[in-house]
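To start, the structure under review is shown below, and the notes come after it.
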Amino acid sequence: MRSRHQTLVSYAVILVTVVQSTIGVPLSWTQIIPTGASPPPRSEMGIAYDSDQDTLWIFGGESQNGVLLDDTWGFNFNTNTWTEYATGSVAKPAARFSVISGYSSAGFVVSVGEGDGGEFFNDVWVFNTGTRIWQERVATGSIPEARYGAAGGIFGPDDLLYVSHGFSSVRYSDSFTFNLTTNTWTTIFDGTNPYNPYKPHARCLVGSAMVASKDVIMYGGCLSGGKSGGLCPAQDTWHLQSNNDWVQASTCPTPRLYAGMSYFGSDSVILYGGQEKVDQVLVVDETPANQVAVLSIRNDTWKDRTVAGGSIPVKRYSLGMRYISRPGGTQQGAIIFGGQSVANDEYLNDMWLLQGSPVESSEGEGCKSWLSLPMLHGIFMLLGWGVFIQAGHFIARYFRQHGAEGWWFKRHKYLMMTGLGLSLLGFIFGVASVKSNHFSFTHGLLGIEIMILGIGQPINAYFRPHPPSNRTKRRIYWEYYHKYAGRLAIFLALINITLGIFMIGAPPGFWIFWCVILSLWVVINIIMEVRLRKRATGGRGDAGAKSSSSRSTTM
């Protein structure tokens with residue numbers, strides 16, 4: 001009886017310890033200072049936690065001066081020491097960084113990544129934590145293309161590895177699982193095009209976390225370059241659910257690359273660090289070093305939470321981050337290792353544990369503001385081609401018969417030149433925002449063709465043959481070219497604006513609003529066209545129509 005009572009007391013103590021570490025206590029950072037030597041500083045390493053041996057495992061990554069590593073280390077929480085394994089000339093994964101990793105019943109798993117000389121991988125290696133031996137799995141099935149910067153991992157000691165998105169010569173949007181029991185790859189999502197508003201576009205350098213056996217959360221990343229366009233960094237959140245369907249979650253944290261992300265209990269995901277101020281971003285209200293973003297999976301809401309206490313890690317990116325729950329409930333939370341300092345890009349090898357309850361932590365100021373080159377590109381193109389050039393064409397087409405001689409022509413010219421000037425600025429912002437392969441995707445290719453047509457209009461208008469009393473063939477040919485080239489440019493521009501809105505992943509409310517406005521504009525033009533043709537065929541506007549046809553529809 002006494003033994004049973006002692007057992008109940010022991011369970012109660014453990015339960016209280018667990019509750020105190022996660023509920024009722026604000027978030028706080030604790031630095032874990034190892035006894036003895038630590039692994040060299042690094043970023044973008046493989047990382048996993050083994051609860052059976054109470055050990056944190058890391059592999060590879062990038063170190064000082066861009067040197068890639070192939071070393072394996074384990075941190076034992078009981079002894080508070082790091083130990084290096086698989087040293088010397090033994091079979092092990094090639095040196096690499098930006099890998100997908102996790103812990104399964106088979107051991108510490110590492111897959112994909114980029115190696116020396118720009119070599120990309122799609123292999124799967126398992127480190128047996130009992131024998132301390134690496135073994136490459138011979139994979140079958142739908143093997144994914146080699147890549148790095150992907151999303152995915154393993155949830156707990158599961159035997160299903162997830163790999164999604166990533167980059168090699170192009171960016172990917174497909175998703176795969178690797179069954180560690182059968183050594184079989186399976187395609188679970190075939191990917192999507194860069195204009196589908198309902199699925200996550202191709203990207204790399206994301207933050208991601210496994211939140212259940214078959215659930216992945218993915219945040220941000222880079223969509224630009226590699227024969228695709230888009231935001232870099234992005235700020236959208238996507239949830240790959242157990243039915244293998246991607247669903248967009250709410251958006252609030254600042255856009256970022258290389259962010260750390262971790263499961264944090266049954267309903268929460270922590271987003272920490274990452275690069276917010278990069279080439280595409282002009283202005284951003286950067287997240288303070290003592291704040292993390294917390295996603296409630298159940299409520300689909302993001303909230304910034306301030307971490308209590310004065311001891312906080314250096315704000316970093318390209319870090320390793322994993323959820324740990326030590327045996328007996330002595331510690332649980334999100335542990336981070338290494339990465340690079342946001343302030344000076346210094347490589348790090350320190351280790352910190354984030355514990356506590358997000359709901360007990362003070363809330364930040366909410367969603368932060370930012371301004372990027374793609375946003376300016378969209379604003380100027382929308383104003384140029386979507387407003388001013390549309391208005392200039394509208395006046396030239398439907399108001400030539402109204403007002404004093406030359407009234408419509410002056411307004412047409414000024415509106416067109418203003419619109420073209422705004423569009424040229426937008427074009428410059430657009431080219432500057434794309435990392436590479438500027439015109440290798442539909443939106444970019446259409447954009448250059450539209451701008452060539454647009455710039456050509458004032459040039460051919462300057463050299464137009466002025467109409468004599470009897471129109472020459474040269475004048476007639478010029479009028480046809482000027483009129484229909486301008487209409488083609490406007491038509492393609494409206495299509496390209498729509499593609500651009502979808503490509504950057506604009507909120508549904510915005511692209512619905514644009515589609516409504518575009519539809520109304522089309523209806524108005526149809527009504528005006530019908531009225532113009534009725535006047536012309538009804539005899540009231542024959543003279544005006546004839547005289548107007550002899551005047552220039554100059555841009």
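- Here the shortest heavy-atom pairing between Q340 and D345 reads NE2-O, 3.1 Å.
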**OP:** Using the side chain to side chain contact (heavy atoms under 4.5 Å, CB included) rule, take H482 and R464 through it: C-alpha gap first, then chi angles, then the decisive distance, then the call.
**Re:** CA-CA 9 Å; H482 187 73; R464 69 190 182 278; over 6 Å; no
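- Atom CG of D236 and atom CD1 of I504 lie 10.5 Å apart (nearest 0.5 Å).
- Across all non-hydrogen atoms, the minimal contact from G384 to L422 is CA-CB, 4.0 Å.
- Remark: K473 fails to qualify as a cation-pi partner of Y477 under the 6.0 Å distance and 45° angle criteria applied to the six-membered ring.
- Annotation: N344, atom CG; neighbour count of heavy atoms from other residues, nucleotides and ligands within 6.0 Å is above 12.
- Annotation: cation-pi pair R96/Y148 absent, no NZ/CZ under 6.0 Å from the ring centroid and within 45° of its normal.
- The backbone N or O of C204 lies less than 3.5 Å from no partner atom in the side chain of R171, so there is not a single donor-acceptor pair.
- Here CG of L240 is found 9.5 Å from OG1 of T177. Values are rounded to the nearest 0.5 Å.
- Counted by atom type alone, E44 and S98 present one or more donor-acceptor pairs between their side chains at under 3.5 Å.
- At least one side-chain heavy atom of I389 sits under 4.5 Å from a side-chain heavy atom of I490.
- In summary, K315 and E276 engage in a salt bridge, as defined by a charged side-chain N under 4.0 Å from a carboxylate O.
- We find the CD1-CG distance between I100 and L161 to be 7.5 Å, quoted to the nearest 0.5 Å.
- Under the 3.5 Å distance criterion, with hydrogens and angles disregarded, a donor-acceptor pair is assigned to the side chains of W521 and Q390.
- In the displayed structure, K277 atom NZ is contacted under 6.0 Å by more than 12 heavy atoms of other residues, nucleotides or ligands.
- Residues L383 and T418 form no side-chain contact, since every pair of their non-hydrogen atoms from C-beta on lies 4.5 Å or further apart.
- Taking the six-membered ring where tryptophan is involved, the planes of F380 and F429 are tilted, since the angle between them lies from 30° to 60°.
- Atoms CH2 and CG, from W385 and L494 in turn, are 9.5 Å apart once rounded to the nearest 0.5 Å.
- Salt bridge present: K199 and D245 bring a charged side-chain N and a carboxylate O closer than 4.0 Å.
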**OP:** Check the pair Y195 / F441 against side chain to side chain contact (heavy atoms under 4.5 Å, CB included), numbers first and verdict last.
**Re:** CA-CA 11 Å; Y195 309 103; F441 53 98; 4.1 Å; yes
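- The aromatic rings of H377 and H443 stand perpendicular to each other, their planes meeting at an angle above 60°, with 30° marking the opposite boundary.
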Subject >> side chain to side chain contact (heavy atoms under 4.5 Å, CB included) between V163 and W185, intermediate numbers included >> reply: CA-CA 10 Å; V163 173; W185 283 104; 3.9 Å; yes
Subject >> Test side chain to side chain contact (heavy atoms under 4.5 Å, CB included) applied to D304 and T306, step by step >> reply: CA-CA 7 Å; D304 282 335; T306 300; over 6 Å; no
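- For the pair R147 and F167, the cation does not sit on the ring face, since its NZ or CZ is not both under 6.0 Å from the ring centre and inside 45° of the axis.
- Using modelled atom types, one side-chain atom of N460 and one backbone atom of G456 make a donor-acceptor pair closer than 3.5 Å.
- Side-chain contact between M321 and S262 is present, with heavy atoms from C-beta onward closer than 4.5 Å.
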**OP:** For the pair H239 and D215, evaluate side chain to side chain donor-acceptor pair (under 3.5 Å) and give the outcome as yes or no after the intermediate values.
**Re:** CA-CA 7 Å; H239 184 182; D215 285 54; 2.8 Å; yes
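- A side-chain donor-acceptor contact under 3.5 Å links W514 and T498.
- The backbone N or O of P200 sits less than 3.5 Å from a side-chain atom of H165, completing a donor-acceptor pair.
- With a 4.5 Å cut-off on side-chain heavy atoms, N122 and I143 count as touching.
- Counting only heavy atoms from C-beta outward, the side chains of N525 and R397 never approach each other to under 4.5 Å.
- Residues S173 and T192 have side chains in contact (heavy-atom distance under 4.5 Å, counting atoms from C-beta outward).
- Counting only heavy atoms from C-beta outward, the side chains of I297 and S268 never approach each other to under 4.5 Å.
- Contact between V434 and S224 at its shortest, heavy atoms only, is CA-OG, 3.2 Å.
- One N or O on the side chain of Y219 and one on the backbone of P253 form a donor-acceptor pair closer than 3.5 Å.
- Under a 3.5 Å cut-off, the side chain of R487 and the backbone N or O of A485 do not form any donor-acceptor pair.
- In this structure a side-chain-to-backbone donor-acceptor pair under 3.5 Å is missing from T187 to F189.
- Note: H393 and Y398 have perpendicular aromatic rings, judged against thresholds of 30 and 60 degrees for the angle between ring planes.
- A donor-acceptor pair is defined here as one N or O able to donate and one able to accept, closer than 3.5 Å; such a pair exists between the side chain of R305 and the backbone of P358.
- Not a single donor-acceptor pair under 3.5 Å links the side chain of E62 to the backbone N or O of V67.
- In this structure, CZ on R411 lies 15.0 Å from CZ on F394, to the nearest 0.5 angstrom.
- Here the straight-line distance linking atom CD1 of I395 with atom NZ of K413 works out to 13.5 Å at 0.5 Å rounding.
- Shown here for V112 and V99, the closest heavy-atom pair between the two residues is O-CG1, 3.6 Å.
- Of all heavy-atom pairs spanning S423 and M381, the tightest one is O-CE, 3.3 Å.
- Counting only N and O atoms by type, the side chains of R474 and T472 include no donor and acceptor under 3.5 Å apart.
- R256 contributes a side-chain N or O that, together with a main-chain N or O of G273, makes up a donor-acceptor pair within less than 3.5 Å.
- The shortest non-hydrogen separation linking A139 to F178 is CB-CE1, 3.7 Å.
- Using a distance-only test at 3.5 Å, with no hydrogens or angles considered, a donor-acceptor pair links the side chain of S250 to the main chain of D300.
- In the model, Q241 has no side-chain atom that pairs as donor or acceptor with a side-chain atom of N244 under 3.5 Å.
- When only modelled atom types and interatomic distance are considered, S175 and W246 share a side-chain donor-acceptor pair under 3.5 Å.
- Contact of the W478 side chain with the K483 side chain is not registered, since no non-hydrogen atoms from C-beta on lie closer than 4.5 Å.
- A salt bridge does not link E286 with K368: every distance from a Lys NZ or Arg NE/NH1/NH2 to an Asp or Glu carboxylate oxygen is 4.0 Å or more.
- In summary, the side chains of T237 and W302 do present a donor paired with an acceptor at a separation below 3.5 Å, with no hydrogens or angles considered.
- T254 and W370 share no donor-acceptor pair across their side chains, judged by distance under 3.5 Å alone.
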